[in-house]
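First comes the structure, then the notes that go with it.
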Amino acid sequence: MGELVATNIAKTFNGKKILAGLSFTVKEGEFVTILGPSGSGKSTLFHLIGGMLQPDDGTFILDQEEITGKRGAISYTPQSPSLLPWRTVLKNVVLGSEISGEVDNDKARYMLGKAGLQGYEHAYPHQLSGGMRQRVAFVRALLSPQKFICLDEPFSALDEFTRLEMQQWLLKIWEENKKSILFVTHNIEEALYLSDRILVLSKKPATIVEEYMLPFARPRDQNLFLTDEFLQWKREIYQALQGSL
Ligand code: ADP
Ligand code: MG
């Protein structure tokens, strides 16, 4: 469960073509990253997958069922996480499971602990740092019943150290849960470090110009950043991005 097939997705805003026929597949339990510059249409793609927007053309199929234009089929964490300010951390992370009627407070506490948020269960979002709020949004996505998670540049607003910590944490927790993840970033290193596969977007109107299967073994740690293999990949993908702009 958790296989997404996107076929020929197209979207135009005010006569300007943003996405020009994107096709890709994310397999069950896979971590796929879409890499593209700012303004290339990454968030638009996520709004389309999440059903907040309707594509002009194309379909999304999740586990053999068409979900084009439907909300609630996938779990979506927007670029700045929208926690409910009047709900505690614990009440925020069980939101998705509340809707489906299967709240598991013990699991929620366990996951918050894993996210380094023990002791904050009854705090409110405004009492947390940006990194902590981001972790709360992840825990909510992981606890939601959907098998497919979309993460839109979740670390782009964080400082370098917090970002590294969060990437490490995300990998650990993903390896335990194995939900399918579609991740969006403009950061090449982040894409290389996290993903099984990278899809490179072209300039506007966006299509997928390159696809890379990454050979790095898991579990991964930050030593990977310094290996020759990693640096070679970084160079290759940098050149692919330059060529596509
Ligand atoms: P990215 O997430 O890759 O930075 P976006 O998907 O946010 O890019 O935006 C892609 C392009 O689509 C931008 O030029 C943006 O101005 C335009 N755009 C996004 N949403 C809308 C909208 N609702 N109406 C009109 N234009 C939009
Ligand atoms: Mg965006």
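Atoms within each ligand, like the ligands themselves, are counted from 1 in listed order.
- The distance from ligand 1 to the heavy atoms of Lys42 drops below 4.0 Å at these ligand atoms: 1 (P), 2 (O), 3 (O), 4 (O), 6 (O), 8 (O).
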> How far apart are the C-alpha atoms of Lys11 and Asp57, what are their side-chain angles, what is the distance that settles it, and do they pass the salt bridge (Lys or Arg N to Asp or Glu O under 4.0 Å) test?
Replying inline: CA-CA 7 Å; Lys11 185 70 187 173; Asp57 197 8; over 6 Å; no
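- Close contacts of ligand 1 with Pro37, meaning ligand atoms under 4.0 Å from a residue heavy atom, involve 3 (O).
- Connectivity analysis of hydrophobic side chains (ILVMFWY, heavy atoms under 4.5 Å, direct or indirect) links Val5 to Ile61.
- Geometrically, ligand 1 and Ser38 share no nitrogen or oxygen pair separated by less than 3.5 Å.
- Judged by distance alone, the side chains of Ser43 and Asp152 do bring a donor and an acceptor atom under 3.5 Å apart.
- With atom 4 (O) of ligand 1 as the reference point, the heavy atom nearest to it among Pro205, Gly39, Ala206, Ser40 is part of Gly39.
- Not one N or O of Asn14 is nearer than 3.5 Å to an N or O of ligand 1, by distance alone.
- Closest protein heavy atom to atom 23 (N) of ligand 1: Phe13 CE2, 3.7 Å.
- Comment: Arg109 does not engage Glu121 in a salt bridge, judged by the lack of any side-chain N to carboxylate O separation of less than 4.0 angstrom.
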> How far apart are the C-alpha atoms of Glu66 and Thr68, what are their side-chain angles, what is the distance that settles it, and do they pass the side-chain hydrogen bond (donor to acceptor under 3.5 Å, both in side chains) test?
Replying inline: CA-CA 6 Å; Glu66 178 154 9; Thr68 319; 2.7 Å; yes
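- Note on ring orientation: taking the six-membered ring where Trp is involved, the planes of Phe225 and Tyr193 are tilted (angle from 30° to 60°).
- Using a 3.5 Å distance cut-off with no hydrogens or angles, the side chains of Ser144 and Gln146 do pair a donor with an acceptor.
- Distance from atom 7 (O) of ligand 1 to its nearest protein heavy atom, with residue and atom name: Ser43 CB, 3.7 Å.
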>> Evaluate Glu98 against Arg87 for salt bridge (Lys or Arg N to Asp or Glu O under 4.0 Å), listing each step before the verdict.
In response: CA-CA 13 Å; Glu98 233 171 53; Arg87 281 193 160 219; 2.8 Å; yes
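- The nearest protein heavy atom to atom 15 (C) of ligand 1 is not closer than 4.0 Å.
- Regarding atom 11 (C) of ligand 1, its nearest protein heavy-atom neighbour is Ile18 CD1, 3.7 Å.
- Heavy-atom distances between Lys204 and ligand 1 reach below 4.0 Å in at least one pair.
- Contact annotation: for Thr44 versus ligand 1, heavy atoms closer than 4.0 Å belong to both the backbone and the side chain.
- For a distance threshold of 2.8 Å, the protein N, O or S atoms nearer than that to the Mg ion (ligand 2), listed by chain and number, are Ser43 OG, Gln79 OE1.
- Under the 4.0 Å criterion applied to side-chain N and carboxylate O atoms, Lys147 and Asp63 are not assigned as salt-bridge partners.
- Shown are Glu153, Lys42, Glu190; of these, the side-chain hydrogen bond (donor to acceptor under 3.5 Å, both in side chains) with Thr185 is made only by Glu190.
- Between Phe155 and Phe183, the angle of the ring planes lies from 30° to 60°, which puts this pair in the tilted group.
- A salt bridge does not link Glu175 with Lys172: none of the charged nitrogens is closer than 4.0 Å to a carboxylate oxygen.
- At least one N/O-N/O distance between Gly41 and ligand 1 falls below 3.5 Å.
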